[in-house]
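The residues of the chain are indexed from 1 along the displayed sequence. Order of appearance sets the numbers: ligands from 1, and atoms from 1 within every ligand.
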Amino acid sequence: MELQGKVAVITGAARGLGLAMAKNLANKGATIVINDLDKGLVQEAVSSLRQEGFETFGFSANVAIKNEVISMMDKIVETCGKIDILVNNAGGELRTPKRLEEIEEQDWDLVLNVNLKGTFLCSQAAVSKMKHQGGKIINISSIGGRTASIVTGVAYAAAKGGIVAFTRRLAKEVGPYNINVNAVAPGLVISGERLQETWNKMSEEEQNSVLDDIPLRRLGQIEEIARAVGFLASNESNYMTGAVLDVNGGRFMG
Ligand SMILES: NC(=O)c1ccc[n+]([C@@H]2O[C@H](COP(=O)([O-])OP(=O)(O)OC[C@H]3O[C@@H](n4cnc5c(N)ncnc54)[C@H](O)[C@@H]3O)[C@@H](O)[C@H]2O)c1
C-alpha cells in the first residue's frame, strides 16, 4: 500500500489501458480519480472499482478543452483535497486515417489536440496544484512516437513524439518543485474490442510479421503497461525524471 493517502488522476481511464492503470494504482492504496469523455462509461468504471473496495471518483471532461480541464482539476481538489499523481493517458489514433493523403485537417487537429494539447492542459492545471507539495506526472507516449510504427500514422507519430519532448522539457522546469515527469511508451497491446477486431482481421502472415519484429515474440498485456505506470507513480522511481520507459518487448530499443 505504498500509495496510501495519495490522490491519482488518470485521464481516458474508463476503459482499456487507463482502467488497468487505475486498478494498479488503486491496488497500491491510492485514491483514484477516473476521467473520460463519456459520463456513463466513467460511472460504470467508478462503480466497478468501488465494488472492489477502492476509493474512486469520476469526472467526465474533454482533456483538449481548457475550461473543462481547469474546472475538473478544481473539483478534484475540492473533493479529494489534492492531486499527487497525474497520468496523461487519454488519446490514441481516435479512428482517424493512417495514410498521409487520407488525413484531413480535422483528423490531424483531433489527434494532436487530445494526445498532445490534452497532456499540456492537464499538466498545466495539475502542476499549479502540485507545486507546494511535489508530485508525479506520467505521460503516455507510444512506440509510434519512438520509431516508425507500421500500425499508426504521421499525426499519431507527431503527437506521441511531441509528448516525449514535452516530458523532458517539463521535467527540467518543474524538477525544483519536486515534481517528477516521465513517460511510458507502450508497444502494441490489445486494450479493447476495437484493437482485438483489428488484430483478428489481420492474416496469420501479417500477425507473424508484427510478432517477428518483437524480440520477445508476443504482444504486451495491459497489466504490463500499467505496472510501468505504477513504478513511475511510486517512490521507487523518485530519482527518475524526464525519462521514457519503452515497454514494447524490445521492438524499439531507445
Ligand atoms: N493500445 C495500444 O496498443 C497502445 C500502444 C501505445 C500507446 N497507447 C496509448 O495508450 C493510451 C490508452 O490507449 P488504449 O488502447 O487504452 O485506448 P482506448 O481507446 O481503449 O482508451 C482511450 C480512452 O480515452 C478516452 N478519450 C478519448 N478522447 C478523450 C478526451 N478528449 N478527453 C478525455 N478522454 C478521452 C476514450 O473515451 C477512451 O476511453 C492512449 O494514449 C494510446 O495512444 C496505446
Considering only heavy atoms from C-beta outward, does the side chain of [X] approach that of [Y] to under 4.5 Å?
| X | Y | value |
| --- | --- | --- |
| Glu44 | Leu41 | yes |
| Met240 | Leu245 | yes |
| Asn24 | Arg227 | yes |
| Asn248 | Ile214 | no |
| Ser123 | Leu170 | yes |
| Trp199 | Glu206 | no |

Item to check | Option from Val63, Val69, Asn62, Ile70 for which side chain to side chain contact (heavy atoms under 4.5 Å, CB included) with Lys66 holds | outcome: Ile70
Next on the checklist: My understanding is that only one of Ile150, Leu195, Ile143 makes a side chain to side chain contact (heavy atoms under 4.5 Å, CB included) with Leu188; could you say which?
Outcome noted: Leu195
Strictly under 4.0 Å, does any heavy atom of [X] approach an atom of ligand 1?
| X | value |
| --- | --- |
| Leu195 | yes |
| Gly92 | yes |
| Ser141 | yes |
| Thr11 | no |

Checklist outcome for this item: Between the CG atom in Leu49 and the CZ atom in Phe57, the distance rounded to the nearest 0.5 Å is 12.0 Å
Identify which of [options] has a heavy atom lying nearest to [atom].
| atom | options | value |
| --- | --- | --- |
| atom 37 (O) of ligand 1 | Leu110, Leu94, Asp36 | Asp36 |
| atom 8 (N) of ligand 1 | Trp199, Tyr156, Phe59 | Tyr156 |
| atom 14 (P) of ligand 1 | Ser60, Ser191, Cys122 | Ser191 |
| atom 22 (C) of ligand 1 | Gly16, Gly18, Gly91, Ala90 | Gly91 |

Next on the checklist: Could you go through Asn180 and Ser237, starting from their C-alpha distance and side-chain angles, then the distance that decides it, and tell me whether this counts as side chain to side chain contact (heavy atoms under 4.5 Å, CB included)?
Outcome noted: CA-CA 9 Å; Asn180 305 59; Ser237 61; 5.8 Å; no
Checklist entry - Picking from Asn182, Asn235, Asn238, what satisfies side-chain hydrogen bond (donor to acceptor under 3.5 Å, both in side chains) with Lys136? => result Asn238
Item to check | With Lys160, the side-chain hydrogen bond (donor to acceptor under 3.5 Å, both in side chains) member among Thr152, Thr119, Asn115 | outcome: Asn115
As an exercise, identify every atom of ligand 1 less than 4.0 angstrom from a heavy atom of [X].
| X | value |
| --- | --- |
| Val189 | 1 (N), 2 (C), 3 (O) |
| Leu188 | 3 (O) |
| Pro186 | 5 (C), 6 (C), 7 (C) |
| Asn89 | 10 (O), 11 (C), 12 (C), 40 (C), 41 (O) |
| Asn62 | 30 (C), 31 (N), 32 (N) |
| Ala61 | 32 (N), 33 (C) |
| Gly187 | 3 (O), 5 (C) |
| Arg15 | 20 (O), 36 (C), 37 (O), 38 (C), 39 (O) |

At what distance is the nearest protein heavy atom to [atom], and which residue and atom is it?
| atom | answer |
| --- | --- |
| atom 23 (C) of ligand 1 | Gly12 O, 3.4 Å |
| atom 30 (C) of ligand 1 | Leu37 CG, 3.5 Å |
| atom 28 (N) of ligand 1 | Val114 CG1, 3.6 Å |
| atom 32 (N) of ligand 1 | Val63 N, 3.1 Å |

Checklist entry - Do Ile140 and Ile225 belong to the same hydrophobic cluster, where Ile, Leu, Val, Met, Phe, Trp and Tyr are linked whenever their side-chain heavy atoms lie under 4.5 Å apart, directly or via other members? => result yes
Is any N or O atom of [X], backbone or side chain, closer than 3.5 Å to an N or O atom of ligand 1?
| X | result |
| --- | --- |
| Leu17 | yes |
| Lys160 | yes |
| Ile140 | no |

Checklist outcome for this item: Smallest heavy-atom separation, Phe166 atom then Phe120 atom, equals CZ-CA, 3.7 Å
Next on the checklist: Please work out, at 4.0 Å between heavy atoms, whether the side chain, the backbone, both, or neither of Asn35 comes within that distance of ligand 1.
Outcome noted: side chain
Item to check | Protein non-hydrogen atom found under 4.0 Å from atom 18 (P) of ligand 1 | outcome: no
Item to check | Stepwise side chain to side chain contact (heavy atoms under 4.5 Å, CB included) test for Phe59 and Val42 | outcome: CA-CA 7 Å; Phe59 292 93; Val42 169; over 6 Å; no
